[in-house]
Number of protein chains: 2
Amino acid sequence: MAKQNTVFKDAYNRCLKVLAETSSLPSEPELGQVLGVSRTTVRAILGRFEEAKLITWDKRKKIVLRQPRPDDYFPTEETDSLAEIIERSFMRRILAGGAEPGMQINELELAREIGTGTTSVREFLIRFSRFGLIEKRPNSHWILKGFTREFALELTEVREMFELRSAASFVALPDSHSAWQELSRIEALHHEILADIDNRYKEFSELDERFHLLVHKSSSNRFIVDFYDIISIVFHYHYQWNKTNARQRNARALEEHLAYIEALRSHDAKRAEEACRRHLRSARETLLQSIP
Amino acid sequence: MAKQNTVFKDAYNRCLKVLAETSSLPSEPELGQVLGVSRTTVRAILGRFEEAKLITWDKRKKIVLRQPRPDDYFPTEETDSLAEIIERSFMRRILAGGAEPGMQINELELAREIGTGTTSVREFLIRFSRFGLIEKRPNSHWILKGFTREFALELTEVREMFELRSAASFVALPDSHSAWQELSRIEALHHEILADIDNRYKEFSELDERFHLLVHKSSSNRFIVDFYDIISIVFHYHYQWNKTNARQRNARALEEHLAYIEALRSHDAKRAEEACRRHLRSARETLLQSIP
DNA sequence: AATCTGTCTATTGTGGATAAAAGACAAATA
DNA sequence: TATTTGTCTTTTATCCACAATAGACAGATT
């Protein structure tokens, strides 16, 4: 197999949803726009729709024949890109599994285990290396540096520098900037989740990322924004595998966010800095507590 | 060709220098240690030495027969790794050539031009993407973001944050730390070059990197140290292709370094910060002036 | 007893092949 | 005239093969 047609399958599934809401599909370029794929893929989808008797397709006429059924969808396992599969598989090994710092990482073995070619694994490791958790010995293996206390401290040190700088930029944004609207939406979501915290505390992780990314983006600095990828991936997997006191921790973080948001809104640099520091300090504690 | 034997050729050349200074070579593991290669490569080198009648080799006895001649060495073009070749070729295109921001980068075309396989180019681009100069459109081409004024400003903003933080760590290092000795060696080199500036100003680039890397390392933060790679590569190529007033610029930077070094030695955080700021400000100016 | 060598195996680096996906262009259509 | 479609070409993502290189282990040597 040269390439998995995951782009096709994922777009096919999303196109089924479009189909469910209309009686005839739009033009090929328009569909491509909506689905974020090329016309080649759109045409492949339409062809398959026709085979499945979901539509009739004659040039510009694409008439919906029936609603999609659950079994019309491709299973979600088949729509994940190879890169996502490798990432998940790898992160499980190093964050959840008992992976010792200093351990060797073997491209071939990893590839065999995941059931994929070495090239993909290799490219993943190269991309992943910028997160500072692994290191390459040229002409030889990779070394796992490990998700250690030092790693967490180094990560949060830079995070704090960057976020303080970003928060300072944020308060200086003109009122007309779209970030303020996004901030309001985020704030509203905080209130919603807090009002039903027992059931919805799991939504925090995603909201947390959305909020901090918004703050970082106001730095208008690609290095600061890109760095947030590292924080993001670490916290993402950290939340997934460390669920002790999740409800309580998340509730506290939500409250801190609200104070932080209010401080940003005040346009008062001093207040924003304080609120930011307070939140980052407790975020760091939370992260450190989860490391043995 | 599956793999260029550049490791062998480079180690061979370096081994010729070892051979020139002795009448019999040490054991295979020891040679491997010295050259930084595996025993397999050492044995390949010894075998070739024997063929070239440079030594006789019988188990532990490796007796030198004659001194190496210039034509015993492999030409330097053949000892560069593929990654180095691709990097140079690519940097020439984007920094020196008239590469417009927004331009598409085509893996296949780049590979053809450099005369190499696509895999190597692809891996290079992935590694290079962390420098923030290119960006990938999934399933499609890369986009050149360009060595623009914004890029330089974003780079220097982070650089200043990191270097100020590092300088603050530096002054707090205990006197017993090896960084102080390295600092002295670097300082001495500054004086040497300044004393003969007209002939030796070109050595500045390398010394500059050595000095700032030393400072960054005292942060003990992998993200700060790794970030210096970006600064390093940008300044490296910048120095190569922008030689207007090089002598004068370098002389000034050397003087600033000396003041900065003295301030670090004083263990006075305030003084170090001021000297650091002063130097970084002029480094930024220099970089900005070279961008249209 | 410790190190070195001979031999063998495993892994990495790199080019090449191929299906999936993107994209270009002219003819068709509204 | 502006889109849309049909057709065709190019590029990317991925697997595989193979030489270079690293590394393991037992027997030889000091």
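In what follows, chains carry the letters A, B, and so on, assigned in the order in which the sequence lines appear, proteins first and then strands, with residues in each chain numbered from 1.
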Pairing residues for A:Arg210 by the side-chain hydrogen bond (donor to acceptor under 3.5 Å, both in side chains) criterion, not counting sequence neighbours: A:Glu182

Separation of atom CD in A:Gln104 from atom P in C:dA10, rounded to whole Å: 15 Å

Those residues of residues 71-78 of chain B lying under 4.0 Å from DNA chain C by at least one heavy atom: none

Rounded distance in Å - CG (A:Asp10) to P (C:dA20): 16 Å

Name of the residue among A:Lys9, A:Arg66, A:Lys17, A:Arg48 meeting salt bridge (Lys or Arg N to Asp or Glu O under 4.0 Å) with A:Asp72: A:Arg66

Start and end of chain B contact along DNA chain D [non-hydrogen atoms, under 4.0 Å]: D:dT11 to D:dT29

Sequence-distant partners of A:Phe49, ring pair (Phe, Tyr, Trp, His ring centres under 6.0 Å), two or more places apart: A:Tyr12

Short N-O contact, A:Arg130 and A:Asp229, less than 4.0 angstrom: yes

Those residues that, when tested against A:His212, pass ring pair (Phe, Tyr, Trp, His ring centres under 6.0 Å) (two or more places apart): A:His257, A:His279

Touch class at under 4.0 angstrom, heavy-atom based, for A:Thr40 against every strand present: base

Under 3.5 Å donor-acceptor, B:Asp80 side chain and B:Glu77 backbone: no

Whether B:Tyr228 and B:His216 hold their rings parallel, tilted or perpendicular, with breakpoints at 30° and 60°: tilted

Base C:dA21 paired with A:Ser38 side chain (donor-acceptor, <3.5 Å): no

Flag side-chain contact, heavy atom, 4.5 Å: A:Leu31 against A:Cys15: yes

DNA chain C-proximal residues of residues 14-27 of chain B, any heavy atom under 4.0 Å: B:Ser27

Whether A:Thr79 side chain and A:Thr76 backbone form a donor-acceptor pair below 3.5 Å: yes

Under-3.5 Å N/O pairs linking protein and nucleotides 28-30 of chain C:
none

Nearest-Å distance for atom pair CD/P, residues A:Gln33 and C:dA22: 13 Å

Helical bend (five base pairs per end, nearest 10°) for the helix from C:dA1-D:dT30 to C:dA30-D:dT1: 40°

Residue whose closest nucleotide on DNA chain C lies nearer the 5' end, B:Arg43 versus A:Lys9: B:Arg43

Listed once per pair and sorted, the side-chain hydrogen bond (donor to acceptor under 3.5 Å, both in side chains) pairs that draw on residues 34-43 of chain A, sequence neighbours left out: A:Glu28-A:Arg39, A:Glu28-A:Arg43

B:Glu78 (side chain) donor-acceptor with B:Pro75 (main chain) under 3.5 angstrom: no

d(CD, B:Glu30; P, C:dA2) in whole Å: 18 Å

Give each protein N/O atom lying under 3.5 Å from an N/O atom of nucleotides 11-14 of chain C, with the pair distance.
{"residue": "C:dT11", "atom": "OP1", "partner": "A:Asn106", "partner atom": "ND2", "Å": "3.1"}
{"residue": "C:dT12", "atom": "OP1", "partner": "A:Glu107", "partner atom": "N", "Å": "3.2"}
{"residue": "C:dT12", "atom": "OP2", "partner": "A:Glu107", "partner atom": "N", "Å": "3.4"}
{"residue": "C:dT12", "atom": "OP2", "partner": "A:Leu108", "partner atom": "N", "Å": "3.2"}
{"residue": "C:dT12", "atom": "O2", "partner": "B:Lys3", "partner atom": "NZ", "Å": "3.0"}
{"residue": "C:dG13", "atom": "OP1", "partner": "A:Asn139", "partner atom": "N", "Å": "3.1"}
{"residue": "C:dG13", "atom": "OP2", "partner": "A:Arg122", "partner atom": "NH1", "Å": "2.2"}
{"residue": "C:dG13", "atom": "OP2", "partner": "A:Arg122", "partner atom": "NH2", "Å": "2.8"}
{"residue": "C:dG13", "atom": "O4'", "partner": "B:Lys3", "partner atom": "NZ", "Å": "3.3"}
{"residue": "C:dG13", "atom": "N2", "partner": "B:Ala2", "partner atom": "O", "Å": "3.4"}
{"residue": "C:dT14", "atom": "O4'", "partner": "B:Ala2", "partner atom": "O", "Å": "2.6"}

Crowding at CD, A:Glu206 (>12 non-hydrogen neighbours, <6.0 Å): no

By ring pair (Phe, Tyr, Trp, His ring centres under 6.0 Å) - contacts of B:Phe147 (at least two apart): B:Phe151

d(CG, B:Asp58; C1', C:dC4) in whole Å: 13 Å

Short side-chain to backbone donor-acceptor contact, A:Lys136 and A:Ser140, under 3.5 Å: yes

Side chain B:Asn13, main chain B:Tyr73, donor-acceptor under 3.5 Å: no

Nearest non-hydrogen partners of B:Arg159 and B:Phe227, listed with the distance: N-CE2, 3.9 Å

Hey, can you pull the donor-acceptor pairs under 3.5 Å for the side chains in residues 108-124 of chain A, sequence neighbours left out?
{"residue": "A:Glu113", "atom": "OE1", "partner": "A:Arg93", "partner atom": "NH1", "Å": "2.9"}
{"residue": "A:Glu113", "atom": "OE2", "partner": "A:Arg93", "partner atom": "NH1", "Å": "2.4"}
{"residue": "A:Arg122", "atom": "NE", "partner": "B:Glu123", "partner atom": "OE1", "Å": "3.3"}
{"residue": "A:Arg122", "atom": "NE", "partner": "B:Glu123", "partner atom": "OE2", "Å": "2.9"}
{"residue": "A:Arg122", "atom": "NH1", "partner": "A:Glu107", "partner atom": "OE1", "Å": "3.2"}
{"residue": "A:Arg122", "atom": "NH1", "partner": "A:Glu107", "partner atom": "OE2", "Å": "3.1"}
{"residue": "A:Arg122", "atom": "NH2", "partner": "B:Glu123", "partner atom": "OE1", "Å": "3.4"}
{"residue": "A:Glu123", "atom": "OE1", "partner": "B:Arg122", "partner atom": "NE", "Å": "3.3"}
{"residue": "A:Glu123", "atom": "OE1", "partner": "B:Arg122", "partner atom": "NH2", "Å": "3.4"}
{"residue": "A:Glu123", "atom": "OE2", "partner": "B:Arg122", "partner atom": "NE", "Å": "2.9"}

Check: A:Glu154 main-chain N/O paired with B:Arg222 side-chain donor or acceptor under 3.5 Å: no

